[in-house]
Colleague: 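The structure's right below; bear with me while I get my questions together.
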There are 2 protein chains.
Amino acid sequence: MAQTDEVFAALSSPVRRDVLRLLLDGPKPVQELAEHFDMRRPSLSEHLRVLREAGLVSERRSGRYRLYSLEAEPLRMVSDWLSPYERFWRQKLAGLRDLLDEEPL
Amino acid sequence: MAQTDEVFAALSSPVRRDVLRLLLDGPKPVQELAEHFDMRRPSLSEHLRVLREAGLVSERRSGRYRLYSLEAEPLRMVSDWLSPYERFWRQKLAGLRDLLDEEPL
DNA sequence: ATAATAGGTAGGAAATCTCCTACCTGTCTA
DNA sequence: TAGACAGGTAGGAGATTTCCTACCTATTAT
């Protein structure tokens with residue numbers, strides 16, 4: 001089971017968030033992911049390792065390809081972590097709405 | 001406006017997540033936060049700086065104290081970022097429920 | 001069998017993080 | 001006004017991150 005620390009750390013890189021976004025469309029081999037980034041493949045491999053260790057992607061071999069798939073389970077943990085804070089930003093939004101209401105068109 | 005990178009990076013430390021949790025109860029001076037951690041105050045100060053730069057806390061001076069408050073706004077950004085993934089973990093949950101339904105009591 | 005392809009690991013450089021001690025500023029109190 | 005207290009900044013050590021080049025393994029095609 002992935003640690004919360006690892007999951008947040010994995011998500012702190014724009015490269016790794018982009019990988020997850022690309023995988024929303026379905027599993028992809030490394031080379032197809034690599035096309036989207038301006039970096040050498042070994043560097044991308046390391047990003048994929050970070051995502052794998054955080055449990056955010058899984059790898060399945062298919063011939064000489066390795067297909068990476070999204071594993072969203074750890075993101076549920078993030079969502080759960082967020083929930084105690086939700087009322088605070090909703091509150092702020094409500095406050096903003098009140099402010100706008102005070103200024104009628 | 002805080003960058004997504006900074007926000008996720010700020011949340012990747014258990015110390016900083018604990019600070020946010022403590023601030024759910026309301027604003028607190030540094031010393032009261034410090035009681036909860038096994039580290040020197042300058043180190044905590046640095047964690048607070050990281051949270052401040054991510055926009056997750058704000059500081060207000062009150063005499064010789066500095067009161068830190070939760071600023072949940074950047075967490076809404078995290079929540080928005082999560083939403084395209086939500087159906088994936090819900091899907092998984094549904095799959096598990098189906099599996100359990102196949103095993104009637 | 002040999003060459004090409006997919007993609008990983010090894011190891012190193014530069015940057016960044018996280019802790020520390022030492023020190024500074026600003027505010028309150030005796 | 002001097003001392004105590006709250007809490008910041010400076011600078012350094014050690015660990016970690018993120019990129020690189022070089023190289024290795026496994027699979028497919030010729």
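Only this structure's heavy atoms are used, side chains among them; waters, hydrogens and symmetry mates stay out. Throughout, protein chains are lettered first and strands after them, A, B, ... in sequence-line order, and every chain is numbered starting at 1. Computed from a predicted structure; not experimentally measured.
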Colleague: With a 4.0 Å cutoff (strictly under), does any side-chain N or O of A:His47 reach OP1 or OP2 of D:dC19?
Modeller: yes
Colleague: Atom CG of A:Asp5 to atom P of C:dC17: distance rounded to whole Å?
Modeller: 16 Å
Colleague: OP1 or OP2 of C:dT21 sitting under 4.0 Å from any side-chain N/O of B:Arg40?
Modeller: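 So the side-chain polar atoms of B:Arg40 do come within 4.0 Å of the phosphate oxygens OP1 or OP2 of C:dT21, strictly under.
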Colleague: Would you say D:dT18 has OP1 or OP2 under 4.0 Å from some side-chain N or O of A:Ser43?
Modeller: no
Colleague: Using atom CZ of A:Arg52 as one end and atom C1' of C:dG7 as the other, report the distance to the nearest whole Å.
Modeller: 10 Å
Colleague: Tell me which of B:Glu46 and A:Arg61 sits closer to the 5' end of DNA chain D, going by the nucleotide each one is nearest to.
Modeller: B:Glu46
Colleague: Which nucleotide wins on minimum distance to the side chain of A:Pro42, given the candidates D:dA6, D:dG8, C:dT9?
Modeller: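 Minimum distance to the A:Pro42 side chain belongs to C:dT9.
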Colleague: Report yes if a side-chain nitrogen or oxygen of A:Tyr68 is closer than 4.0 Å to either non-bridging phosphate oxygen (OP1 or OP2) of C:dA6; otherwise report no.
Modeller: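 Looking at the OP1 and OP2 atoms of C:dA6, neither is under 4.0 Å from any side-chain N or O of A:Tyr68.
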Colleague: Is A:Tyr65 reachable from A:Leu70 through a run of I, L, V, M, F, W or Y residues, each pair having side-chain heavy atoms under 4.5 Å apart?
Modeller: no
Colleague: Looking at B:Leu48, B:Val57, B:Val15, which hits side-chain contact (heavy atoms from CB on, under 4.5 Å) with B:Leu33?
Modeller: B:Leu48
Colleague: From B:Glu71 CD over to B:Leu23 CG, what is the distance, rounded to the nearest 0.5 angstrom?
Modeller: 10.0 Å
Colleague: Specify the separation, in whole Å, of atom CE of B:Met39 and atom C1' of C:dC20.
Modeller: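 Distance, rounded to whole Å: 11 Å.
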Colleague: Working to the nearest 0.5 Å, report the span between CG of A:Leu82 and CG of B:Leu82.
Modeller: 6.0 Å
Colleague: Could you tell me the separation between the CZ atom of B:Phe8 and the P atom of D:dT17, rounded to a whole number of Å?
Modeller: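 Answer to the nearest Å: 18 Å.
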Colleague: Quick one: A:Leu67 CG to C:dG7 C1', roughly how many Å, whole number?
Modeller: 12 Å
Colleague: Please work out whether the ring planes of A:Phe8 and A:Trp81 are parallel, tilted or perpendicular, with thresholds of 30° and 60°.
Modeller: perpendicular
Colleague: Under 4.0 Å between a side-chain N/O of B:Tyr65 and OP1 or OP2 of D:dG8, yes or no?
Modeller: no
Colleague: Minimum heavy-atom separation for B:Pro74 to B:Ala54, with atom names?
Modeller: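 Heavy atoms of B:Pro74 and B:Ala54 come nearest at CG-O, 3.5 Å.
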Colleague: A side-chain contact here means heavy atoms from C-beta on lying under 4.5 Å apart; do A:Val19 and A:Tyr68 qualify?
Modeller: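 Not in contact.
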Colleague: Hey, can you pull the residues of residues 11-37 of chain B with a non-hydrogen atom under 4.0 angstrom from DNA chain C?
Modeller: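 Only B:Arg16 qualify.
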Colleague: What is the separation between atom CZ on A:Arg49 and atom C1' on C:dG8, rounded to the nearest whole Å?
Modeller: 11 Å
Colleague: Under 4.0 Å from OP1 or OP2 of C:dG8: is there any side-chain N or O of A:Ser45 that close?
Modeller: yes
Colleague: Once you round it to whole Å, what is the distance between P of D:dA6 and CZ of B:Arg64?
Modeller: 6 Å
Colleague: Is there a donor on the side chain of B:Arg41 or the base of D:dG7 sitting less than 3.5 Å from an acceptor on the other?
Modeller: yes
Colleague: Please report the distance, rounded to the nearest Å, between CZ in B:Arg60 and P in C:dG26.
Modeller: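 Nearest whole value for this atom pair: 21 Å.
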